[in-house]
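Per chain, numbering begins at 1; letters A, B, ... match sequence-line order.
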There are 2 protein chains.
Amino acid sequence: MNYELLLKQNNLKITPQRLGILQLMHEAGHISIEELFASIKKQFSSISLATLYKNINAMLETSLIKEVKAPEVKARYEISKTPHAHLVCHVCGEFKDIHFDVVHVAHTIADTSGYTINDTSLIVSGTCPKCQ
Amino acid sequence: MNYELLLKQNNLKITPQRLGILQLMHEAGHISIEELFASIKKQFSSISLATLYKNINAMLETSLIKEVKAPEVKARYEISKTPHAHLVCHVCGEFKDIHFDVVHVAHTIADTSGYTINDTSLIVSGTCPKCQ
DNA sequence: GTATTTGCAAATGATTTGCAGTGCT
DNA sequence: AGCACTGCAAATCATTTGCAAATAC
């Protein structure tokens, strides 16, 4: 994945910290602020939590990344992809992407409401096979 | 709605504060902590934010109420009902219940995954007719 | 009467802001 | 060169905890 291009396309300057954040996010798939901070400190030992938050917020504003808010657990961040659903194990905490047509479901839901749809969040929580 | 019965069924003691919280939550449909605190202070001027949090947490633990975490906005709380979806207007902030079979969707999603499903959150964000 | 809840104050945790210095283009 | 980004410290905002007094059952 070309992180430099991703940043450029979103009018964000390329910095080593940002590249590191995107790389870790991509590897993890879904990652929380704490996990990200702990991991990135291995590369940039003096990185500050303020910088991490500023960058996360900048990337959220341009929709380069997306915040996934599941019930009961802390938010995770992922690089934006085509709309999909999530499956979360509340025992081990694993997040899994599910390729499912959420846009179609959203339209069914908003059908008679007159709403203009922007975003759909579909998260199923449960226990994964390993944790049962 | 019988709030005393609701509390009893969940093994929670009946207090005026709890009855007030449930009443406001029921009237509002979906309410944030700040809104709830501002409203309940009109009835119990000396209620503390700590009490509010303790009660919200107690009711969440028994599942008497549910936390709705939508993208971009602060969490809202609702009295637990049959599973349903939510439609949120990101302009005026209004939350709307949509009676939609989320359990069926959840099963479709978790179908081949081997997950045991506990909970499903389906939230569609957009602009409501009034705000367009 | 006993256990739980309340309200207060203080503690903790999470996130944001201001600013001086540095780095990107 | 000029503007954006970084890192630090401090500020702010959100939530939790400990404890004494009050209340539920």
- request: Select base, sugar-phosphate, or nothing to describe what A:I47 touches, counting heavy atoms under 4.0 Å on all strands.
  value: sugar-phosphate
- prompt: Regarding A:E72 and A:S125, is there a side-chain donor-to-acceptor distance under 3.5 Å anywhere?
  reply: no
message: Any donor-acceptor pair under 3.5 Å linking the side-chain atoms of B:D97 with those of B:H30?
response: yes
Length of the line joining B:L12:CG and D:dT23:P, which is rounded to integer Å: 20 Å
- prompt: What nucleotide among C:dA14, D:dA14, D:dG7 has an atom nearest to a side-chain atom of A:E34?
  reply: C:dA14
task: Could you state the atom-to-atom distance from CD1 of B:I56 to C1' of C:dT5 in whole Å?
output: 15 Å
- prompt: C:dT6 phosphate, OP1 or OP2: any side-chain N/O from B:T15 under 4.0 angstrom?
  reply: yes
query: Relative to the 5' end of DNA chain D, which residue comes earlier, B:I14 or B:I33, by the nucleotide with the nearest heavy atom?
result: B:I33
- request: Assign B:K74 to base, sugar-phosphate, or nothing according to its heavy-atom contacts below 4.0 angstrom with the strands shown.
  value: sugar-phosphate
- request: Report the distance from atom CD of B:E4 to atom C1' of D:dA24, rounded to the nearest whole Å.
  value: 12 Å
- request: Check whether any side-chain heavy atom of B:M25 sits under 4.5 Å from a side-chain heavy atom of B:I56, and report yes or no.
  value: yes
Presence of A:K13 side-chain N/O under 4.0 Å of D:dT6 phosphate oxygens OP1/OP2: no
field: Any A:S48 side-chain nitrogen or oxygen under 4.0 Å from OP1 or OP2 of D:dC8
entry: no
- line: Whole-Å distance, A:L49 CG to C:dA14 P, equals 9 Å
B:Q17 vs D:dT23: side-chain N/O to OP1/OP2 distance below 4.0 Å: no
message: Do B:H86 and B:V68 have side chains that approach each other closer than 4.5 Å (heavy atoms only, starting at C-beta)?
response: yes
- prompt: Roughly, in whole Å, what's the span from CZ in A:F37 to C1' in C:dG13?
  reply: 14 Å
- prompt: OP1, OP2 of D:dC5 versus side-chain N and O of A:N55: anything below 4.0 Å?
  reply: no
- prompt: When only distance counts, do a donor and an acceptor, one from the side chain of A:K54 and one from the base of C:dG18, lie under 3.5 Å apart?
  reply: yes
- prompt: Could you state the CG-P distance from B:N57 to D:dT17, rounded to the nearest angstrom?
  reply: 9 Å
- request: Could you label the plane-to-plane angle of the A:Y3 and A:H26 rings as parallel, tilted or perpendicular, counting under 30° as parallel and over 60° as perpendicular?
  value: perpendicular
query: Is any side-chain N or O of A:S46 closer than 4.0 Å to OP1 or OP2 of D:dG7?
result: yes
